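Reviewing the structure listed below.
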Amino acid sequence: MNGDSDRGGGINSDETLFDLVELLRELDGAGVTELAERLGIAKSTVHGHLTTLRRRGFAVKRGGRYELGLRFFEYGQYVRSQLEIVQSGTFAVERLEEETGEMVWLLTHQNGKAIYVYGRAGDNDIDVNTILGTRTHMHCNSGGKAILAHLPESAVRDVVDAHGLPRRTDRTITDPDRLFDELDRIRQQGYALNRSEDLAGIHAVGVPLLVDGEVQGALSVAGPAHRLSQERCEGAVLDRLRAATDEIDLTLAYR
């Protein structure tokens, strides 16, 4: 077989190219030798892929190191702009930040993980740009749990099988039966809580975003536990979240 033969249903050269892209991100840039050693392939192969990436704007070379290019940003912006919940939810996120003073996140889901697609920092010393676009496990995230609660049980089991239930803190749900009990409660009450399940000292509350009965994402508010108590999560903040989701639903209905 040649370099373009199937590898687990894929194409070997494509697999190598994306391995290279992921490694460049992980290492924040690297030279040909390091990349070849890490991937276990010939330097000539690495150089060939990098030449293609540079020519298409997906990589740049600074000194002897290669880094990812801004062409990825262009594609990422395009993909995000196509999401209905982003088109309809941006203003709601900004208003929630003003009303609560806390971090507000708009999330979607893909391939079993939640993805931060838009956010505002509130009165927190956090650069949301370092978080946007990242993927996170859903079982320990308020927005993620709100999404899981509205997926078919078989889909949730597929997520658990694929990604597990890794422990993030001593409050993380790591038992599948406990998770399904939690998801039942979330469906009944219409919102999900995260009480230091992802990061110690951080609380959050999230609600699902449904389009034609199908969950497309979630809206959540997060902040320090001393400011964002469970009482506040389930009271004033939840009221604001529900008002925001009603606004998003209305906007979606008239698109």
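From a predicted model like this one, the values you see are computed outputs, not experimental measurements.
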Give a yes or no answer on whether the side chain of [X] reaches the backbone of [Y] with a donor-acceptor pair at less than 3.5 Å.
{"X": "R171", "Y": "S196", "answer": "no"}
{"X": "H139", "Y": "P166", "answer": "yes"}
{"X": "T172", "Y": "T174", "answer": "no"}

Closest heavy-atom pair and its distance - [X], [Y]:
{"X": "A36", "Y": "K43", "answer": "CB-CG, 3.6 Å"}
{"X": "L24", "Y": "A30", "answer": "CD2-N, 4.0 Å"}
{"X": "P224", "Y": "N124", "answer": "CD-OD1, 3.6 Å"}
{"X": "A192", "Y": "K145", "answer": "CB-CB, 4.0 Å"}
{"X": "P208", "Y": "H150", "answer": "CG-CE1, 3.5 Å"}
{"X": "G143", "Y": "A218", "answer": "O-CB, 3.4 Å"}

In the single-linkage hydrophobic clustering (I, L, V, M, F, W, Y; side-chain heavy atoms under 4.5 Å), do [X] and [Y] co-cluster?
{"X": "L132", "Y": "I126", "value": "yes"}
{"X": "V60", "Y": "Y75", "value": "no"}
{"X": "L50", "Y": "F72", "value": "yes"}
{"X": "M103", "Y": "I248", "value": "no"}
{"X": "Y116", "Y": "V104", "value": "no"}

To the nearest 0.5 Å, what is the distance between [atom1] ([X]) and [atom2] ([Y])?
{"X": "D158", "Y": "N111", "atom1": "CG", "atom2": "CG", "result": "12.0 Å"}
{"X": "R195", "Y": "L228", "atom1": "CZ", "atom2": "CG", "result": "12.0 Å"}
{"X": "K113", "Y": "T108", "atom1": "NZ", "atom2": "OG1", "result": "15.0 Å"}
{"X": "L209", "Y": "S220", "atom1": "CG", "atom2": "OG", "result": "10.0 Å"}
{"X": "L35", "Y": "R65", "atom1": "CG", "atom2": "CZ", "result": "8.5 Å"}
{"X": "I202", "Y": "R227", "atom1": "CD1", "atom2": "CZ", "result": "8.5 Å"}

Taking atom types as modelled, is there a side-chain donor on Y118 or E94 under 3.5 Å from an acceptor on the other?
-> yes

Give the intermediate values and the outcome of side chain to side chain contact (heavy atoms under 4.5 Å, CB included) for residues L53 and L20.
-> CA-CA 10 Å; L53 289 170; L20 179 61; 4.2 Å; yes

For [X], I'd like to know if atom [atom1] has over 12 heavy atoms of other residues, nucleotides or ligands within 6.0 Å.
{"X": "R135", "atom1": "CZ", "value": "no"}
{"X": "Q77", "atom1": "CD", "value": "yes"}
{"X": "R38", "atom1": "CZ", "value": "no"}
{"X": "R187", "atom1": "CZ", "value": "yes"}

4.5 Å side-chain heavy-atom contact, [X] and [Y]:
{"X": "T52", "Y": "L17", "answer": "no"}
{"X": "T169", "Y": "C140", "answer": "no"}
{"X": "L238", "Y": "Q189", "answer": "no"}
{"X": "E247", "Y": "F91", "answer": "yes"}
{"X": "L199", "Y": "R168", "answer": "yes"}
{"X": "E234", "Y": "V205", "answer": "no"}

Under 4.0 Å between a Lys/Arg side-chain N and an Asp/Glu carboxylate O for [X] and [Y]?
{"X": "E98", "Y": "R95", "answer": "no"}
{"X": "R157", "Y": "E153", "answer": "yes"}
{"X": "R71", "Y": "E74", "answer": "yes"}

So which of V221, L219, V128, N141 actually passes side chain to side chain contact (heavy atoms under 4.5 Å, CB included) with W105?
-> V128

Between Y191 and the options L241, T245, V207, the side chain to side chain contact (heavy atoms under 4.5 Å, CB included) test singles out V207

Test applied, side-chain hydrogen bond (donor to acceptor under 3.5 Å, both in side chains); reference residue, E102; option that passes from H203, R232, R120 | R232

When clusters are formed from ILVMFWY side-chain contacts under 4.5 Å, directly or step by step, what else is grouped with V79?
-> Y78

Members sharing I147's hydrophobic cluster (side chains within less than 4.5 Å) = M138, L148, L151, V156, V159, V160, L165, I173, L179, F180, L183, I186, L210, V215

Would you please test L39 and T45 for side chain to side chain contact (heavy atoms under 4.5 Å, CB included) and show each step?
-> CA-CA 10 Å; L39 294 173; T45 301; over 6 Å; no

Using the side-chain hydrogen bond (donor to acceptor under 3.5 Å, both in side chains) rule, collect all pairs that involve residues 235-244, keeping only residues at least two apart or in two chains.
-> none

Please work out which of the three classes, parallel, tilted or perpendicular, describes the rings of Y66 and H47, given edges at 30° and 60°.
-> perpendicular

